Structure formats: C-alpha cells, structure tokens
Protein chains: 2
Amino acid sequence: MTAVVRRKPTVNAQKVAEKAGVSRSAVSRTFTDGASVSPETRDKVLRAAAALGYHVNHLARGLIRNESGIVCLIASGIGTPLQAAMLDGLTLALQDAGRIAMVLNCAGDPVSVEHALRMTLNYRAEASVILSGSPPASIVTTCLDNGQRLVLLNRSEQIEGVGTVSIDNEGAARDAAAMLARAGCRRIAVVSSTAGTASLVAREEAFIREATKLGLETLPHRAGPTSYASGAASARALLAGADRPDAAFCVTDLLALGFMDAARHDLGLRIPEAFSVVGFDDIEQAGWASYELTTFRQPVSELVSCIMGQIGSSTEGVGPVPSRLVKAEPIWRRSVRVSPALKDA
Amino acid sequence: MTAVVRRKPTVNAQKVAEKAGVSRSAVSRTFTDGASVSPETRDKVLRAAAALGYHVNHLARGLIRNESGIVCLIASGIGTPLQAAMLDGLTLALQDAGRIAMVLNCAGDPVSVEHALRMTLNYRAEASVILSGSPPASIVTTCLDNGQRLVLLNRSEQIEGVGTVSIDNEGAARDAAAMLARAGCRRIAVVSSTAGTASLVAREEAFIREATKLGLETLPHRAGPTSYASGAASARALLAGADRPDAAFCVTDLLALGFMDAARHDLGLRIPEAFSVVGFDDIEQAGWASYELTTFRQPVSELVSCIMGQIGSSTEGVGPVPSRLVKAEPIWRRSVRVSPALKDA
DNA sequence: TTGTATGCGTTATCAG
DNA sequence: CTGATAACGCATACAA
C-alpha cells in the first residue's frame, strides 16, 4: 500500500503556450471572448490546445473574474413531475445563457435550506434559485452581501433585494371555487397535504374563502405529504361515510390523481358524472386519458423565463427586483361536470 | 449610465485572520479537516468568520488541492419520471458523500454529450456520470487523461478505464417473453421508440429473439420518441386492424401507459382480460390504480449505489473498473392475464 | 501549535 | 497585437 502520490501532469495555459511558441497571455486571450488575437496566433494556440487536450480551468477563471458561471438550484422532491419539469427547463435555460446549474437536493426545512445556501456561497454561485423551502433571514442577507443573486419561487414574503416569482394561487383558487359552483356542486372536499407549503395553504385558504362566499360547504382534509398516496387516502377517508361531498379541489395534481383513482377504483364513483375533481399544476399525467383532469397550469416555461430575468438583471444587485406574479391558466378537461349553462357560454 | 465598477469588498481568509488576530494559515487550518489548531484559536477564528459571514472559497480550494468536489451528471429528458428519480437519488447520495452535483441537460446526441463533457473538464469535475447518450471516444480519453472518473449508465460498450453500470436488459426481456407465453399470448406487439438507445434496442431484440424461440409471433412498432404519446400512437396503429395482437411488450413504462390508455379508451379493449401489457422501468405511475402495470424494475437506489461505488473507488484512476450488471426484478401487477397454470405455481 | 513564504491556473493591466 | 507581471483566495512545506 505504498501510495505513490503521483501528481497528474496537469495541462495548463503554460504548456499550451510552450507548444504553440507563444506567451501564456496569448493562450488566455484566445479563450476569452472579445480579446484581440491575430488569426495566426489564435490558430497556433487552438492547434496546440487540441493536441494537448487543454480546457480552460473555470475554477481559476472564476477566481480572478469573480464570477463562477454557476447558478445553484435548491429544490426538494426532485423526482416529482412538476419539480422535474422546472429543473429541466431551468438547466436548459441556464446553459443557453452560458451558465451552469448546480443542484442541491434539500429536505425543504429551513436548516437544510440554510445548509444548501452555505454551499452556494462556498462555490461562489452567481445566483441561487430556491424552488422549494424557505431560507432563514440571516443567511439571505449573507448571500446578498456576497453579491449573490437570490430568487424565490412561490414565496409570499417580500424581502428587500431578493427576486420573487410566484403563481397567482389566490386567483386560481377563486376560479376553481367558481368553476365548481357553476357545475352545481355543493359540498366540496378541499384536499391538501401536511407539508404546509406557502403556496399550498394559499390555495387552500383562498378556495375555502371564495367557496364559502359562494354558499358552498367545504371539507378540508390532509392525509399526509403531497403525493398520489395522500390523495388516495383522502378519498377513502372522505368518501366512505354517507354524507359524502360531491366534488374535490385538490391543491396539487398528484393529490388529485390519487384521489381520482381511489374514488373510482376503491369507491366505484363515476367522474365527472357523480363527482367532480379539480387539480393544480397541470403535470403531464393530468392530461393522460385515464384522468383528463381539469386543472390550473403552472406555466413552466414562463416561470423559467421570469427566473432567468431575475437572475440576469443588473449584475450589481442594488435596487429592488420587481417581483413577478404569474397567472395560472385553467385547463379544461373532463373531470368536472359541465352544467348546461356553462356549455352555452 | 456611468457604470461605477464597484468591486464588492470580498470577505476572505485574510480579513477573518485580521479580525481574529491570527494568521491566514490559522484560518485555513480551522476549516480543513484534520489540521491541528488549538481550541482557542479555532474558536476565535470561528467567531470572526461568523461575524463576517465568511465562507471558504471552494473554487480556490479546488485549485490548490486539485479536487473540486464537483460531480457532473449528464442527462437528457430530465423531466421524465425515471431520469428524475435517478437525479433525485444521485444528488442526494453525492451530497451525503461530501460532493456536489452539477447537472448538464443535453440533447443526447454525441456532439452535445461531447459539449457537456468539455464543460465537465472546464470545471475540473472529479467525475462525470452519463445517464443518457454516448460520448465520442476521443473526449472520453481526454477526460480519463485529466484524471476524471467516468461512469456510463446502460451502455454496452466496455471502454478501458471507464466504469459501467447496466441493467440486465436481455435477461429481463427474456423473462418478459416467457411471462407472456405462459399467459397464453400468441401475437405480441413489441413497442419501442425511434430513439434507438442501446438499452431500448437491447430489450427489443432480446425479447424478439426469445419470443421467436418460444414460438410466438412478434410485431415490432416504433411510433416516435420514448413517450406516453408514442405508446398511445402505437396502440392505435397496431390495434386498429382485424388481425390484432393479443399482448404488448413495451420497452418503457411511459410507452406502456400510453399504450394502455389508448387501448382502453380509444379501442375499448379490456386489460388484462382481452389484452396483456408488460412494461419496463417501474416508474411511479406504473403502480397507480388506473394502470397496475406489471413491469421490470430499474432499482434506482441500487443503481445509485453502484454509481457511487464507481466514483468513489481508487482516487487515481488506473486499473479497470469492474462493470456492474444489475438485475431488473419483475414486478407483478395486473396488466397481464394470469393463466391457471401460473396460479398453481 | 503557529506564522511565513510559495504556488495552484487564470485574467487584467500595462508597456512595448 | 504581444509579452511580462501582479493579483485572485486558498493550502501547505518549512522554519520557528
């Protein structure tokens, strides 16, 4: 076990310069945009670099330029359809913008978000996008102090200097209540989760408020985490008794799909004939033929553009970044009974 | 627009040292594992660091230690359930191992994989995991030369020095054929995609070989990319005529679910009574009550462990890394007609 | 245990 | 357009 610590003969600008017969500066300039190099020098350098397999060290470059090119994506529940779609869109958009995504998979609680943000600082990320969870205030100011850009998704809190992109949960939830009222539903199950996320409670509360105003009865229920299984559990719990509701507003599509499956396969209910369901998010599965869930769309590409806008704006992060509120458009499919009145309209 | 280039007063070890009344080295030692610092010095440093909001610059650290702590994950179709699950597991495992994931979302073709690997080199990633797509040989050797660890997922090619973790596609496909034969199926649709991925064609070919051997008729079909929509399209194409098959082996769950939905809702077929379907992957949706798809599981956590093993093994990447073949366990659900004979066993 | 000096690979500055 | 030189922030060999 005589560990021979053999330092890899690393290939750097120096070596390329020697092989090309030019100075290190020439090599550097060849690889920096907008630097002035003569075509022949550039050519010699490129040839030498290719031969040696040289690649600019972004760690060193970031060190001197004080810009790493790294943007951190902090999320929890990456495997979930909506989060996965966001990650997909964001990583792509970042690459198109010449940045690179570092993803931090965190539990979502404040301490793990803080941990993630520390890592973010360690790698001198130019920006961090918090897809889920809420960061403690202290670390937020530290990030800001270090010149890091911060974007929060679906957080109500307005913090000086940090960007915000939010879905209009309240508006959509109100629409959902009106939708079900028009369909002639009277007793509405409101199925949410124990996660207690800001958007989720916003949807739940806004829906209940509006439904009450419209004279509807609401039955809130939270069976567990935000998942298919919890939705199914809620259905079994709510639909077992005699005095069952006639519709459900699920704060998430995943909950809605679980709810639908349990309602149909365990309880034998017909949707939408005997029971109406409205979801939220418009994940891919909501459009599948087995569900045809009418829901409210989180416009992923629009959210991504907004986030990119927040990241890209003025390099020096002074001045308040305007927070963006994005509408969640209703997607009409076939899980809600359509009343004759609505058909006319 | 007089852009005042105000260089942020960056907080570094120097500043912490001054505030703590010690040397820069003391600060450095405080933050490096296994360095010798007296408790009181350490305490002073920690206090000063907290007050200043100091965070070790991993870019600089990586520069001098020649280890960045970065592992790159190269994937395409991140929004897809299986890929998302892999990303979820990998990011978590990497964090537990003290590394951090950089994700490169690439189109999957060789040139974009090569582009991604270049980026990987730029950031001096310690390892790269290629979840999808095949890298050109030249860039592979460059990565290896630069001391970067390489792990390929579900690639048949054995390359000297690069790790491989694969699902036993052939074995599972053979099992699938036997499964459908025992169920009494005779004409089997083999639905695949136009992607032409190594694993996919391996499954398709192995299935056809085994099915033929068992005296079954096979009807290969490829409607488009590996998606729900393609599966549905295949169903509509294959089940329209009079001489329809009585079962389908879909090389991916996503294809299978689309196939099932179209078969049931567009063609009115009953599954499994009138038609049997077998999938591959065991994505979450396969277990949903509307589908209950019998399929073969890609054991995500096991795959993740294998990959982590490949990454973690011997720092200096000499010697061939043993490639790992992971079994895909059959998951029996309810999309395959069960014959009496099988019930006895 | 602590401090000093050196180097990691790069780019910005400046003189030619 | 080119080359020499000084940083960037950090870890470590060495001397104390």
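Labels below follow one simple rule: chain letters A, B, ... track the order of the sequence lines, proteins then strands, and each chain is numbered from 1. In this text, all values refer to a predicted model and were calculated from it rather than measured experimentally.
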What is the distance, to the nearest angstrom, from the [atom1] atom on [X] to the [atom2] atom on [N]?
X: B:Lys44; N: C:dG3; atom1: NZ; atom2: P; answer: 8 Å
X: B:Glu18; N: C:dG3; atom1: CD; atom2: C1'; answer: 15 Å
X: A:Asn57; N: D:dC8; atom1: CG; atom2: P; answer: 18 Å
X: B:Glu67; N: D:dA11; atom1: CD; atom2: P; answer: 11 Å
X: B:Gln14; N: D:dC8; atom1: CD; atom2: P; answer: 10 Å
X: B:Leu63; N: D:dA7; atom1: CG; atom2: P; answer: 18 Å
X: B:Asn66; N: C:dT10; atom1: CG; atom2: P; answer: 12 Å
X: B:Arg65; N: C:dG9; atom1: CZ; atom2: C1'; answer: 17 Å

Within the 4.0 Å heavy-atom criterion, would you say [X] contacts the bases, only the backbone, or no part of the nucleic acid?
X: A:Ser28; result: base
X: B:Val27; result: nothing
X: A:Phe31; result: nothing

| said: Strictly distance-based, threshold 3.5 Å: is any side-chain N or O of B:Thr142 a donor or acceptor partner for the main-chain N or O of B:Ser138? | reply: yes
| query | Where the side chain of A:Arg324 meets the backbone of A:Thr164, is there a donor-acceptor pair that is under 3.5 Å apart? | reply | no
Presence of [X] side-chain N/O under 4.0 Å of [N] phosphate oxygens OP1/OP2:
X: A:Tyr54; N: C:dT10; result: yes
X: B:Asn12; N: D:dG9; result: yes
X: A:Arg61; N: C:dT11; result: yes

| task | Would you mind telling me which residue lines up with the more 5' stretch of DNA chain C, B:Arg24 or B:Arg124, judged by nearest nucleotide? | result |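 Of the two residues, B:Arg24 wins.
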| task | Flag the pair B:Met102 / A:Ile70 as yes when at least one side-chain heavy-atom distance between them is below 4.5 Å, and no otherwise. | result | yes
| Do A:Asn105 and B:Asp88 meet the criterion of a side-chain donor-acceptor pair at a distance under 3.5 Å? | yes
| Hey, mind stepping through B:Ser38 and B:Thr41 against side chain to side chain donor-acceptor pair (under 3.5 Å) and telling me if it holds? | CA-CA 5 Å; B:Ser38 75; B:Thr41 303; 2.7 Å; yes
Are there any protein N/O atoms within less than 3.5 Å of an N/O atom in nucleotides 1-3 of chain D, and if so, which ones and at what distance?
unit_1: D:dC1; atom_1: OP2; unit_2: A:Ser36; atom_2: OG; d: 3.1
unit_1: D:dT2; atom_1: OP1; unit_2: A:Ser38; atom_2: OG; d: 2.7
unit_1: D:dT2; atom_1: OP1; unit_2: A:Thr41; atom_2: OG1; d: 2.2
unit_1: D:dT2; atom_1: OP2; unit_2: A:Ser38; atom_2: N; d: 2.9
unit_1: D:dG3; atom_1: OP2; unit_2: A:Ser23; atom_2: N; d: 3.3
unit_1: D:dG3; atom_1: OP2; unit_2: A:Ser23; atom_2: OG; d: 3.1
unit_1: D:dG3; atom_1: N7; unit_2: A:Arg29; atom_2: NH2; d: 2.6
unit_1: D:dG3; atom_1: O6; unit_2: A:Arg29; atom_2: NH1; d: 3.2

| message | By the side chain to side chain donor-acceptor pair (under 3.5 Å) test, which pairs, at least two apart or in different chains, include something from residues 109-118 of chain B? | response |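 Counting only pairs at least two positions apart or across chains, the side chain to side chain donor-acceptor pair (under 3.5 Å) contacts touching residues 109-118 of chain B are B:Asp109-B:Ser112, B:Glu114-B:Arg118.
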| field | Residues A:Ile159, A:Leu150; criterion side chain to side chain contact (heavy atoms under 4.5 Å, CB included); working and verdict | value | CA-CA 10 Å; A:Ile159 310 174; A:Leu150 227 46; over 6 Å; no
